[in-house]
Amino acid sequence: MKFVSCESPSAQDPFPFPSLLARFPFNFYCFYVLNPVPLVRHLVSLLSYNLRVIGTMFTSTGSRGLYKAPLSKSLLLLPPVLTVLLTVLLPQYQDLFIYNLQAVSQGKQFWRLVCGRLICLDLKDTFCSSLLIYNFRIFERRFGSHKFASFLFGAWILSALVDLLLIEALHFMFELKVDVLPAGLLGPVFALFVPFYSSIPRVQVTQLLGHISITNKSLTYIVGAQLLTSSAYMWVVACSGLIAGMLYYNNKLAVQKFIRVPGWAARCGSVLLEPVFSDSEPTAEAPLGMGATLDIQRQQRMDMLDQQLLLSQLAHLRRNAQQQQAQTGLLNWNRFFPNLRHRGQNREREGPQPQQPPNMHPPDNTAVAEEQVARLMEMGFSRMDAQEALRASNNDINIATNFLLQH
């Protein structure tokens, strides 16, 4: 009798499932069932690659991958892996992660408020929530990992309380009894729509039928709507998440003071997560998604070239200003072209300013829209930085936002 050896997959074939199944079904059983570690590694690699490719199709700001977002990367990898393990390999343990509110209220199983709100038991919910987390990673780069973790933790705690209140209100007002809600980190995901709606500027991309506007935020809302309609009572989780997000983002009842991640926990998480989940700094902007037609692809290339041209013009103006300051020493050009890397340090100089020589060109006084300046200031940038970025980008708020976020 001839036995078939259980060989490991070739390094040249990173996802060898179809080939192994077609040639040796017994090989697949021996290698992946008896030794599930390679299966998990392949699933993580495949999921991370697909999220990176699909996520670049609808990011509302410049795509720089998961750079400076270790917490977002851990949320993209760990919960989906646990979902796959519970769905494929350990289905007998799924009952421990069901978000059963009846068991919480009547059976006093308060541990379900924790276990039932950590891991999604539906692969479609896992995929949609992972896409949203990838798109919302911009808030971790803007707020920092500590504040971002505090927001997620606060929204997670508050949404659990709002879940219980909503269930009791539905039972009291409409005699609607809800026993089980969708499981997973769905409350914090819906809570992130609050800062996304409030702080990310809305820029029109195109129009459908001449009346329907498609913006840089439309696809994100579409994915959120897909997640909202995935189950019968997902709207309860969405409402509680949005309420929790508004309470924490606007600091109602001073919740940010009482519900936050302690400093020692943030330091421990930084030591544990950053070496494992940190990404190297990207050398260039990620490529745009390819359009469906040649006209769309041509327009995308033209837009990308326009952005590169405007940013190169801004860098050229800065270099000229530094050279003129070093040569003449008569005019402080940094007052007109401040370094956007040092935000918050722009201050008006007091006292008389030296007069401008007649042979030098006056500074750029291109008018900027106050509404766009206000939007950038709501995102946390100073007024001077917002005005300079808008002037350099020819009043294109999308390019100005990308430049301010990436520098």
Side-chain angles (χ1 to χ4, degrees), residues 36-37 39-56 59 61 63-90 97 114-123 125-157 159-160 183-193 195-196 220 223 227 241 245 248 259-282 286:
V37 175
L39 174 63
V40 175
R41 187 175 66 249
H42 291 316
L43 290 174
V44 170
S45 301
L46 181 61
L47 179 62
S48 178
Y49 174 76
N50 287 336
L51 287 175
R52 185 183 295 270
V53 172
I54 298 175
T56 55
T59 49
T61 56
S63 173
R64 293 173 68 84
L66 293 166
Y67 176 59
K68 290 186 178 180
L71 180 58
S72 298
K73 187 175 182 180
S74 63
L75 292 177
L76 284 173
L77 296 181
L78 295 180
V81 169
L82 295 176
T83 300
V84 172
L85 287 176
L86 287 176
T87 305
V88 179
L89 300 178
L90 303 172
F97 298 93
V114 178
C115 295
R117 304 178 67 247
L118 288 178
I119 303 174
C120 289
L121 300 180
D122 191 334
L123 291 177
D125 294 347
T126 303
F127 184 73
C128 292
S129 59
S130 298
L131 285 178
L132 292 173
I133 290 174
Y134 182 83
N135 191 55
F136 293 148
R137 77 202 184 281
I138 186 65
F139 296 115
E140 182 176 3
R141 290 205 292 258
R142 185 186 305 174
F143 301 148
S145 297
H146 187 189
K147 290 185 179 180
F148 184 69
S150 297
F151 180 87
L152 294 179
F153 179 69
W156 188 72
I157 296 294
S159 60
L185 287 170
L186 301 174
V189 170
F190 282 108
L192 285 169
F193 275 98
F196 179 75
T220 304
V223 175
L227 182 61
Y248 199 88
I259 306 177
R260 58 187 179 88
V261 176
W264 60 269
R267 290 189 292 271
C268 293
S270 177
V271 173
L272 295 176
L273 293 180
E274 286 190 0
V276 179
F277 297 104
S278 61
D279 274 12
S280 58
E281 183 176 2

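Numbers for residues simply follow the sequence, beginning at 1. Below, all heavy atoms of this structure are taken into account, side chains as well, without hydrogens, waters or symmetry copies.
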Enquirer: Would you sort out whether Thr220 and Leu132 count as a side-chain contact (heavy atoms from CB on, under 4.5 Å), showing the intermediate values?
Expert: CA-CA 7 Å; Thr220 304; Leu132 292 173; 4.0 Å; yes

Enquirer: Measuring only between side-chain heavy atoms, which start at C-beta, is Phe143 closer than 4.5 Å to Ser150?
Expert: no

Enquirer: Check Lys68 against Arg141 and note the closest heavy-atom contact, atom names and distance.
Expert: O-CG, 3.5 Å

Enquirer: Shortest non-hydrogen contact from Ser72 to Ile133?
Expert: O-CG2, 4.1 Å

Enquirer: Could you state the interatomic distance from CG (Leu272) to OG (Ser74), rounded to the nearest 0.5 Å?
Expert: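 Rounded to the nearest 0.5 Å, the CG-OG separation comes out at 11.0 Å.
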
Enquirer: Of the non-hydrogen atoms in Gly154 and Ile259, which two are nearest, and what is the gap between them?
Expert: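 Where Gly154 meets Ile259 most closely, the heavy atoms are CA-CG2, 3.4 Å.
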
Enquirer: Can you confirm whether Leu71 sits close enough to Leu152 that some side-chain heavy atom of one is under 4.5 Å from a side-chain heavy atom of the other?
Expert: yes

Enquirer: Which value, rounded to the nearest 0.5 Å, describes the distance between Arg137 atom CZ and Leu192 atom CG?
Expert: 13.0 Å

Enquirer: First locate atom CZ of Phe196, then atom CD1 of Ile138, and finally report the distance between them rounded to the nearest 0.5 Å.
Expert: 11.0 Å

Enquirer: Side chains of Ile119 and Thr126: does their closest heavy-atom pair fall under 4.5 Å?
Expert: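 Heavy-atom side-chain distance check fails, nothing below 4.5 Å.
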
Enquirer: About how many Å separate CH2 of Trp156 and OH of Tyr248, when rounded to the nearest 0.5 Å?
Expert: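 Between Tyr248 OH and Trp156 CH2, I get 14.0 Å after rounding to 0.5 Å.
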
Enquirer: Which atoms form the tightest heavy-atom contact between Pro188 and Ala155, and what is the distance?
Expert: CA-CB, 4.2 Å

Enquirer: Of all heavy-atom pairs between Phe97 and Leu86, which one has the smallest distance, and what is that distance?
Expert: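 That would be CD1-CD1, 3.7 Å.
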
Enquirer: Nearest heavy-atom pair of Ala266 and Val261: which atoms, and what distance?
Expert: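 Result for this residue pair: N-CG1, 4.0 Å.
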
Enquirer: Can you measure from CG (Leu227) to CG (Leu186) and round to the nearest 0.5 angstrom?
Expert: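 Spacing of CG (Leu227) from CG (Leu186) equals 6.0 Å.
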
Enquirer: Do Val223 and Phe127 come close enough that some side-chain heavy atom pair is under 4.5 Å?
Expert: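 Val223 does not reach Phe127 side chain to side chain.
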
Enquirer: Mind checking side chain to side chain contact (heavy atoms under 4.5 Å, CB included) for Ser145 and listing every partner two or more places apart, or none if nothing turns up?
Expert: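 Pro70, Glu140.
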
Enquirer: Using a 4.5 Å cut-off on heavy atoms from C-beta on, say whether the side chain of Pro195 contacts that of Phe151.
Expert: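 A side-chain contact under 4.5 Å exists here.
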
Enquirer: Working to the nearest 0.5 angstrom, can you tell me the gap between Leu75 CG and Phe148 CZ?
Expert: 7.0 Å

